[in-house]
Every structure is written in C-alpha cells, then in structure tokens.
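Step one of this worksheet: look at the structure below.
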Amino acid sequence: MEPSAQDTPTNWLGRRPLRAILRILVTLAGVGATGWALSTVWPEQDRVARGAPPSVDNPASLAPYPLEPVTVLLVGVDSDTLSAASNQAAPQGPANADALLLLRISSAEPLQLLQVPVELAVQLPGSQQPMALGGVWQQGGVALTVDALQEIIGLPVGVPQRYVVMPRNGLRTVVEALGEVEVTLNQTYQRTDKAQGYTVNLQAGRQSLNGAQAEQLVRYRKDSQDHPNRRIRQQILLRAMISQVQSASGIGIIRGLLEDIAGQMDTNLSEAEMLGLAAALIASPSPATITQLPLATRAGKQTLRQLKPGLSQPLWPSS
C-alpha cells in the first residue's frame, strides 16, 4: 500500500538530493561572504559613544539598530553545557536540538518568533528511516539544520543570517540575569524523572521563576507525545522573558546578561551585533507574535509528526 502524504517524512533535500548536498557545501564555503554582506545591515558603531551608559528612554543608546530585519536561529540543546559528554536526557547520548526557534528582529515591527517542531519527520540522504528534525543538529550542526529549515519553511538563501546554540545552563543564566520572570500557570506540574535526572515541582498560579524553575517549565513533558503542550509552556516563558527585556530595566541589564552567557553559547553574532539586536528588540512594538508550524493530525500514537497537507511556501514570517 502506498504511504499517504501524512505518513511520508519531510524530504527537505527535495527531488534532487545531490543538488541539495552541493548547496550545503556552497553554504559552508560562503560563510565569509555572508558575513561581509550582513555587515551592511548594521550601521557604523561610532554612532554610540563607547562605554556611555544607555538611556532608559532610548534603546538606540544601547547600540545602533540593524538597518533591516534580522532573522536569528536559536537552537536549544538538551545538554547542560555545550561540552557535556551526555545530553542528560532519555535515552542518553550526544546532545540533540531540544528546541528550534526562529526570531525576526526589527526595531520598526513587532518581534516575530516561530517555534519549529523538533519532532517533525525528516529523512537524511542515504538513511533508510526517517528521524526527528531535532536530531539533524547532532548529525550536521547548524549548517545542516539551516538547510533543512530553508527547505521546510521556504526561507530565502542567507536566512537566517545568524544563529545561537544554547544549552540548558545558558537558559538558567539568562533567567537569573533578568532577575527572575513572572508567569501564570493554569495547572500544577510535579514529576521526578530519574532517567533524565531532574525534578519538576511548579504550582498553579502567578509566580516568579528562577533559572532552575524556568528550565523545569520548558523541559517538562508528561510523555513522548507531549511536544505540542511543551511548546505552549515554552511560549509562557518566552512571553515573560520578552516582557522583562522590554521593561524599563531591560536596557540596563543587557550588557551584564551578555557577559554572563558569553562563554555558555555558540554563536556567529559579534558583541556589537548582539547589542544592536537587543536594542532593536527593546524598541520593537508590542505584542510579539509567536507562531508554530502547523502539523497534520497525529496518526495513532506516532511520535514523529508531519506538516499539515496543502501548505504553500513560505510558511513564515507572517508578513
């Protein structure tokens, strides 16, 4: 019996895998050229006095805004540090991408954030079985993940322009640097998972989460099919963090926050670019828009998922 469209994993290499593989190689070879081209997106840094304290009323005093919207891929990996030998998950092994987010940042428009399902089924060339999109990062790092996302979503070449890979301790550090974040939970979450070595103990209601509690919220899954609900919980934290950054105190904490996480992440953003994106995020109109790729109805108890049939590219951004 022929597989249905829903049962067929996303072949993000298209009908011409050799051509796609060559494109990956060209992408790797063109990193330097991409960096040169993107340098035109940021204004000259002499617009901001070096070392001058930022004004709480003027985000541009932190750093010059990018001249155009910039898309950043955020890869959250399921290990405590980038150098950890184990992913500290179940089953244990090398780290996988536990969260994939695309952020489109501009000072002139609301932040747009896309949650990409890590359980989306893809098939690597030469592989007999489909795998979860979150495992592509383990197989080929950022370059392979970006190429997959470009094919799945329909992103133009060169987008995303920048990436950040952050482990769990990076998330904890960011939340602590923000001074905890306020969330409202509509239910209590309690679980001890010895296989993964973590405990979740969060009560329903309004509360301030520290770094460890924030990790509990975004990491919690009641079972292997709970990815969609976990993304909803991640949205709760993401909105709280965005609100905290955009508050009056946000400008004053950005430089210290970047210093705190500098050694805990992998990125091709320079310090000046990070400051510019932070300034643009603070200045961007509210509210932020958070969306997900639409998935087809789950077939039985399958863990891997498919995109909703009939979609036309590009799937994001919304405008």
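Nothing fancy with the numbering, it's 1 onward along the sequence. What you are looking at is a predicted structure, and each value in this text was computed from that prediction instead of being measured.
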**OP:** Please list, chain by chain and in numerical order, all residues satisfying ring pair (Phe, Tyr, Trp, His ring centres under 6.0 Å) with Tyr163, sequence neighbours excluded.
**Re:**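 Result, ring pair (Phe, Tyr, Trp, His ring centres under 6.0 Å) vs Tyr163: none returned.
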**OP:** Report yes or no: do Leu100 and Leu304 belong to one cluster of Ile/Leu/Val/Met/Phe/Trp/Tyr joined by side chain heavy-atom distances under 4.5 Å?
**Re:**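 Per the 4.5 Å side-chain linkage, Leu100 and Leu304 are not co-clustered.
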Sequence neighbours excluded and cut-off under 3.5 Å, please list the side-chain donor-acceptor pairs for residues 278-285, or say none.
from: Ser284; atom 1: OG; to: Gln246; atom 2: NE2; distance (Å): 3.1
from: Ser284; atom 1: OG; to: Leu281; atom 2: O; distance (Å): 2.7

Have a look at [X] and tell me which of [options] forms a side chain to side chain contact (heavy atoms under 4.5 Å, CB included) with it.
X      : options                       : answer
Leu149 : Leu144, Val136, Leu293, Leu73 : Leu73
Val165 : Val75, Asn268, Thr145         : Val75
Gln264 : Asn169, Leu171, Thr81         : Asn169

Subject >> Short side-chain to backbone donor-acceptor contact, Gln138 and Pro94, under 3.5 Å >> reply: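 A pair under 3.5 Å: yes.
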Subject >> Gln213 side-chain N/O to Asn210 backbone N/O, donor-acceptor pair under 3.5 Å >> reply: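 Looks like yes, one N/O pair under 3.5 Å.
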Any idea which heavy atoms bring [X] and [Y] closest together, and the distance?
X      : Y      : value
Tyr65  : Pro59  : OH-CB, 3.5 Å
Ser79  : Ala84  : CB-CB, 4.1 Å
Glu119 : Ala132 : CA-CB, 4.2 Å

Subject >> Exceeds 12 heavy-atom contacts within 6.0 angstrom, atom CD of Gln207 >> reply: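 Correct, the count exceeds 12.
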**OP:** Flag yes if more than 12 heavy atoms outside Gln313 fall under 6.0 Å of its CD atom; otherwise flag no.
**Re:**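 Enclosed: over 12 neighbouring heavy atoms sit under 6.0 Å from CD of Gln313.
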Subject >> With sequence neighbours excluded, residues passing side chain to side chain donor-acceptor pair (under 3.5 Å) with Glu68 >> reply: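 Applying side chain to side chain donor-acceptor pair (under 3.5 Å) to Glu68 gives none.
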Original post:
Are Trp316 and Arg104 close enough, and set up right, to give a side chain to side chain contact (heavy atoms under 4.5 Å, CB included), and what steps lead you there?
Top reply: CA-CA 10 Å; Trp316 183 84; Arg104 178 181 164 94; 3.7 Å; yes
Original post:
Looking at residues at least two apart in the chain, or sitting in another chain, which of them share a salt bridge (Lys or Arg N to Asp or Glu O under 4.0 Å) with Arg191?
Top reply: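 Here the qualifying residues are Asp193.
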Identify all side-chain donor-acceptor contacts of residues 177-185 below 3.5 Å with residues at least two apart in sequence or on another chain.
from: Glu182; atom 1: OE1; to: Arg206; atom 2: NE; distance (Å): 3.4
from: Glu182; atom 1: OE1; to: Arg206; atom 2: NH2; distance (Å): 2.7

Original post:
Rounded to the nearest 0.5 Å, what separation is found between the CZ atom of Arg162 and the CG atom of Leu103?
Top reply: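 Answer rounded to 0.5 Å: 15.0 Å.
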**OP:** Sorted by first residue and then second, give each ring-ring contact (aromatic ring centres under 6.0 Å, His included) pair with at least one member in residues 273-308; sequence neighbours left out.
**Re:**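 Residue pairs with at least one partner in residues 273-308: there are none.
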